[in-house]
Amino acid sequence: GGVVWRRDAGGGLEVLLVHRPKYDDWTLPKGKNLPGEDDLACALREVEEETGLQCEPGAELPSTSYRDNRGRDKTVRYWAMRPLRGSFSAHDEIDEVCWLPLPEAPNRLSYERDRDVIASFQDAA
């Protein structure tokens, strides 16, 4: 997954969150590896598929682990990512994105585990 970030006009940090209509949640972009795909390549591909943004990876952030709604164990590795090009278009999986100032992002996120990732990004920024 990725914590996609940019600087606002005043130099403050903003991060990108995605809304998944299937779950009606706000989260960080992430996804599943394709066969033979390494984790960083997966994170870059999934961020681009979900947000339309091609990104440059930065520092790896702490991973999260959780059990999904089907009872399967999941682990997600995250990287800080700076967008290079692209733009968002709504699709079946992600219907909305929002850029939020870093201090406000945790309030919009649906999961505590995502808040922990944002906190680690903030500490590293």
Side-chain angles (χ1 to χ4, degrees):
V3 175
V4 181
W5 65 273
R6 68 181 183 188
R7 296 272 177 195
D8 65 20
L13 284 174
E14 295 180 320
V15 294
L16 184 70
L17 307 183
V18 298
H19 182 260
R20 302 184 302 175
K22 179 178 180 179
Y23 303 106
D24 191 24
D25 63 3
W26 284 96
T27 188
L28 299 167
K30 60 185 168 292
K32 298 173 189 69
N33 294 63
L34 297 174
E37 184 177 46
D38 70 55
D39 291 342
L40 177 56
C42 172
L44 290 167
R45 177 185 53 76
E46 285 285 351
V47 166
E48 183 174 358
E49 286 178 5
E50 292 190 356
T51 69
L53 299 174
Q54 293 178 352
C55 294
E56 172 183 57
E60 185 171 4
L61 302 169
S63 300
T64 62
S65 295
Y66 63 97
R67 189 164 296 213
D68 72 8
N69 58 0
R70 294 185 188 171
R72 299 174 296 186
D73 291 329
K74 301 285 185 172
T75 298
V76 182
R77 290 177 68 189
Y78 288 94
W79 283 264
M81 295 186 183
R82 189 175 60 85
L84 300 174
R85 66 189 69 79
S87 62
F88 174 72
S89 293
H91 51 91
D92 289 345
E93 191 175 352
I94 306 296
D95 64 347
E96 187 178 353
V97 299
C98 67
W99 287 98
L100 290 175
L102 186 55
E104 293 177 26
N107 299 326
R108 177 76 60 95
L109 288 165
S110 299
Y111 306 106
E112 187 64 35
R113 63 182 175 266
D114 291 342
R115 290 184 197 98
D116 293 342
V117 174
I118 290 290
S120 70
F121 171 77
Q122 188 168 13
D123 292 345

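Of all the heavy atoms in Ala43 and Trp79, the pair that sits closest is CB-CE3, 3.8 Å. Taking both residues in full, the closest heavy atoms of Asp95 and Ala90 are given as O-CB, 3.6 Å, listed atom of the first, atom of the second, then distance. Across all non-hydrogen atoms, the minimal contact from Pro62 to Val117 is O-CG2, 4.1 Å. Listed here is the closest heavy atom pair of Leu61 and Ser120: CB-OG, 4.1 Å. Across every non-hydrogen atom of Leu100 and Ala105, the tightest pair is CD1-CA, 3.9 Å. Of all non-hydrogen atoms in Trp5 and Val15, the two that sit nearest each other are CB-CG1, 4.2 Å.
To the nearest 0.5 angstrom, Thr27 atom OG1 is 8.0 Å from Leu17 atom CG. To the nearest 0.5 angstrom, Asp24 atom CG is 13.5 Å from Lys22 atom NZ. The CD atom of Glu49 lies 8.5 Å from the NE2 atom of His91; values are rounded to the nearest 0.5 Å. The line from CG of Leu44 to CG of Asp38 is 9.0 Å long, rounded to the nearest 0.5 Å. If you take OG1 on Thr51 and CD1 on Ile94, they are separated by 9.0 Å, rounding to the nearest 0.5 Å. Atoms CD and CG, on Glu60 and Asp39 in that order, are 8.0 Å from each other to the nearest 0.5 Å.
Residue Ile118 is grouped with residue Val76 when hydrophobic side chains (ILVMFWY) are merged at heavy-atom distances under 4.5 angstrom, including chains of intermediate members. The hydrophobic cluster containing Trp99 does not contain Leu102, counting ILVMFWY residues as joined when their side-chain heavy atoms lie under 4.5 angstrom apart, directly or transitively. When the side chains of ILVMFWY residues are joined at heavy-atom separations under 4.5 Å, either directly or via intervening members, Leu109 and Tyr78 end up in a single hydrophobic cluster. A single hydrophobic cluster is not seen to contain both Leu13 and Val4; linkage of ILVMFWY side chains at heavy-atom distances under 4.5 Å, directly or through other members, places them apart.
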Name every donor-acceptor pair, under 3.5 Å, that has one atom in a side chain of residues 80-89 and the other anywhere in the protein, sequence neighbours excluded.
{"unit_1": "Arg82", "atom_1": "NE", "unit_2": "Glu56", "atom_2": "OE1", "d": "3.2"}
{"unit_1": "Arg82", "atom_1": "NH2", "unit_2": "Glu56", "atom_2": "OE1", "d": "2.7"}
{"unit_1": "Arg85", "atom_1": "NH1", "unit_2": "Gln54", "atom_2": "OE1", "d": "2.6"}

Start with the C-alpha distance between Tyr111 and Thr64, add both sets of side-chain angles, then the distance that settles side chain to side chain contact (heavy atoms under 4.5 Å, CB included), and finish with yes or no. CA-CA 11 Å; Tyr111 306 106; Thr64 62; over 6 Å; no
Could you go through the side chain to side chain contact (heavy atoms under 4.5 Å, CB included) check for Glu37 and Lys32 one step at a time? CA-CA 10 Å; Glu37 184 177 46; Lys32 298 173 189 69; over 6 Å; no
Take Leu16 and Leu53, measure what side chain to side chain contact (heavy atoms under 4.5 Å, CB included) needs, and give me the verdict at the end. CA-CA 11 Å; Leu16 184 70; Leu53 299 174; 3.8 Å; yes
Can you list the steps and then say if Asp68 with Tyr66 is a side chain to side chain contact (heavy atoms under 4.5 Å, CB included)? CA-CA 6 Å; Asp68 72 8; Tyr66 63 97; 4.3 Å; yes
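For residues 103-125, every residue pair satisfying the salt bridge (charged side-chain N to carboxylate O under 4.0 Å, His left out) rule, not counting sequence neighbours, is listed here: Glu112-Arg115. Within the structure, salt bridge (charged side-chain N to carboxylate O under 4.0 Å, His left out) pairs that include any residue of residues 3-15 comprise Arg6-Glu14 (at least two apart or interchain).
Side-chain atoms of Ser110 come within 3.5 Å of backbone N or O of Trp26 as a donor-acceptor pair. A donor-acceptor pair is defined here as one N or O able to donate and one able to accept, closer than 3.5 Å; such a pair exists between the side chain of Lys30 and the backbone of Leu28.
Crowding of Asp92 atom CG: a count of heavy atoms from other residues, nucleotides or ligands under 6.0 Å not exceeding 12.
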